[in-house]
Amino acid sequence: MGKRAVIIDVSDDRISENRDLKDYIERHTSKSVLHMVEGELLVVIKDVQKGEHLTEGVRMLAGEIARQLGKLKIDQANVSTEILDRVFSDVDTNKVVTAFVEGWHLGNYDYVKHQSKEARYKTELHIDGDKVETEVEQGKRRAAAMSFSRDLMNDTPKDLNPTTFPKRLQDELAGTAADVKVFDKAQLEEMELNGLLTVGQGSEHEPALVEISYQGDASKPLVALVGKGVTYDTGGINLKQGRHLSDMRMDMGGAAAVAGAIKLLAESEAKVNVVALFLIVENMPDSKAILPGDVIRYKNGKTVQIGNTDAEGRLILADGLIRAGELGADYVVNIATLTGAIANALGSKLAGVFGNEELAYRMKQLGDENGDHNWPMPLVDAYENYLDSDYADFNNISNKGEAGSITAGLFLRRFVPESCKWLHVDMAGVMSSKEAGYYVSSATGFGARLLADYAEAVSK
Ligand code: BES
Ligand code: ZN
Ligand code: ZN
């Protein structure tokens, strides 16, 4: 038998009856303490904070313990529902189990494809308790969906590009009830996805639109999820400068979120009616690339001056919004690593949500619960004229050096079909993180859970 650990809390006899050990544990500032007692490795959960959004506490703790035990090359850890119930007494048992499993697997996540080091040692988790299988499975599915988003984001632009990305989506969804359609450049021309085609002009890879529909219940309102899939953002002719350009391989983070969400919904056979739209393109400077000053004419007749080729995300999402209308969507959510300004406004722990105010608040509540934290942001009518253009209907950048995330939202609002209830999620600030709890260094996988839970929430 391999090495084992048992997860307990401070009320366990082995702790409560041993004063020295009790003191030792109390002196630790961490949320859990590892200790050998009579040849058995104990993981002692100390008192956890009581608060409003406890399931996140469960996930964070589980992720941390998983990594600690992995480092010690422990094969298996056991925890009982009784202990989880006692420690997290404010949260429903079912939710605790799902969150613990989810956090455990996410904490174990690693991405070593491009490294010579070995993969992380992964300690297996056993939850002892009656009838928890469904919750355990759901925890695994949520972690797998988010890990898929992380994998896509962490990959390099050489391996994940507009040629390979559609195939990756097809492979991942094969075997589920989701139907994957890939549209190539010729089809995009026919469909007049002129934003996507224009942004893609400078790349050796042709842009692509991927549409994945999943009808868990066709009678439900149609929810369209639209993701920005810029596999690399050089800025185009308005070439980016600075030292952190490596992160621009994650400029498909919105598409990765949508990919994780549709995987989660399909694999958990959710009773929803969803279409996922992926706008996939590489933003490159080249003699064929679009020039600042050029104009795009969209399918809905609107014309846009390219004030800056680096504001490419909104140009492709505009096509996605128009398409969502054509497909008859009742709800549309677009998600994107859209503006650096959102990180200035909200930092690296919250995404910004714009659009329908009631739904934005609903989104915030879902994030509080599932860990994809976000906050409603305003669309200020008085800033509309910041997008004025002298020779097109409007510009893709603001003529004022302020409210960069809001003006991006205002730009998108001009393309929202009248029949759709709309939200726009700007996740540029939250795409990557440092190691903490169930987060590991690099891509977060933000948005997969959020979009899946949102689709379910509006389908109730
Ligand atoms: N992909 C970037 C936004 C971004 C910045 C994401 C930092 C993640 C981290 C986007 O395409 C962009 O370049 N936006 C510009 C817009 C500007 C030119 C109006 C920005 O935010 O600076
Ligand atoms: Zn850009
Ligand atoms: Zn971008």
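Since this is a predicted model, take the numbers as computed values, not measurements. Just follow the structure's listing: the first ligand is 1, and inside any ligand the first atom is 1.
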- [ ] Report yes if some heavy atom in the side chain of H373 is under 4.5 Å from a heavy atom in the side chain of K364; otherwise report no.
- [x] no
TODO: Supply the atom-to-atom distance K122 NZ to H105 NE2, rounded to the nearest 0.5 angstrom.
DONE: 10.5 Å
- [ ] Would you list the protein N, O or S atoms within less than 2.8 Å of the Zn ion (ligand 2), leaving out water?
- [x] D233 OD2, D310 O, D310 OD1, E312 OE1
Open item on the list: Residue by residue, ordered by chain and number, which ones reach under 4.0 Å of ligand 1 with a heavy atom?
Closed with: K228, D233, K240, M248, D251, N308, D310, E312, R314, T337, L338, T339, G340, I397, A428, M431
Open item on the list: Set out, in order, the CA-CA distance, both residues' side-chain angles and the distance that settles side chain to side chain donor-acceptor pair (under 3.5 Å) for T339 and D426, then state yes or no.
Closed with: CA-CA 7 Å; T339 65; D426 192 340; 2.6 Å; yes
Open item on the list: Please determine whether the number of non-hydrogen atoms from other residues, nucleotides or ligands lying under 6.0 Å from atom NZ of K299 exceeds 12.
Closed with: yes
- [ ] Establish, yes or no, whether the cationic atom of R59 lies under 6.0 Å from the six-membered ring centre of F100 and within 45° of the ring axis.
- [x] no
Open item on the list: Is it true that, when you exclude E118 itself, more than 12 heavy atoms of the residues, nucleotides or ligands shown sit nearer than 6.0 Å to its CD?
Closed with: no
- [ ] Identify the two heavy atoms, one from I212 and one from L169, that lie closest to each other, and give their separation to 0.1 Å.
- [x] CD1-CB, 4.4 Å
Open item on the list: Does K302 have more than 12 heavy atoms from other residues, nucleotides or ligands lying within 6.0 Å of its NZ?
Closed with: yes
- [ ] Give a yes/no verdict on a cation-pi contact between R362 and Y454, requiring under 6.0 Å between NZ or CZ and the six-membered ring centre and an angle within 45° of the axis.
- [x] no
Task: N, O or S atom of A336 closer to the Zn ion (ligand 3) than 2.8 Å - done: no
TODO: Would you please classify the geometry between the Y111 ring and the Y109 ring as parallel, tilted or perpendicular, with 30° and 60° separating the classes?
DONE: parallel
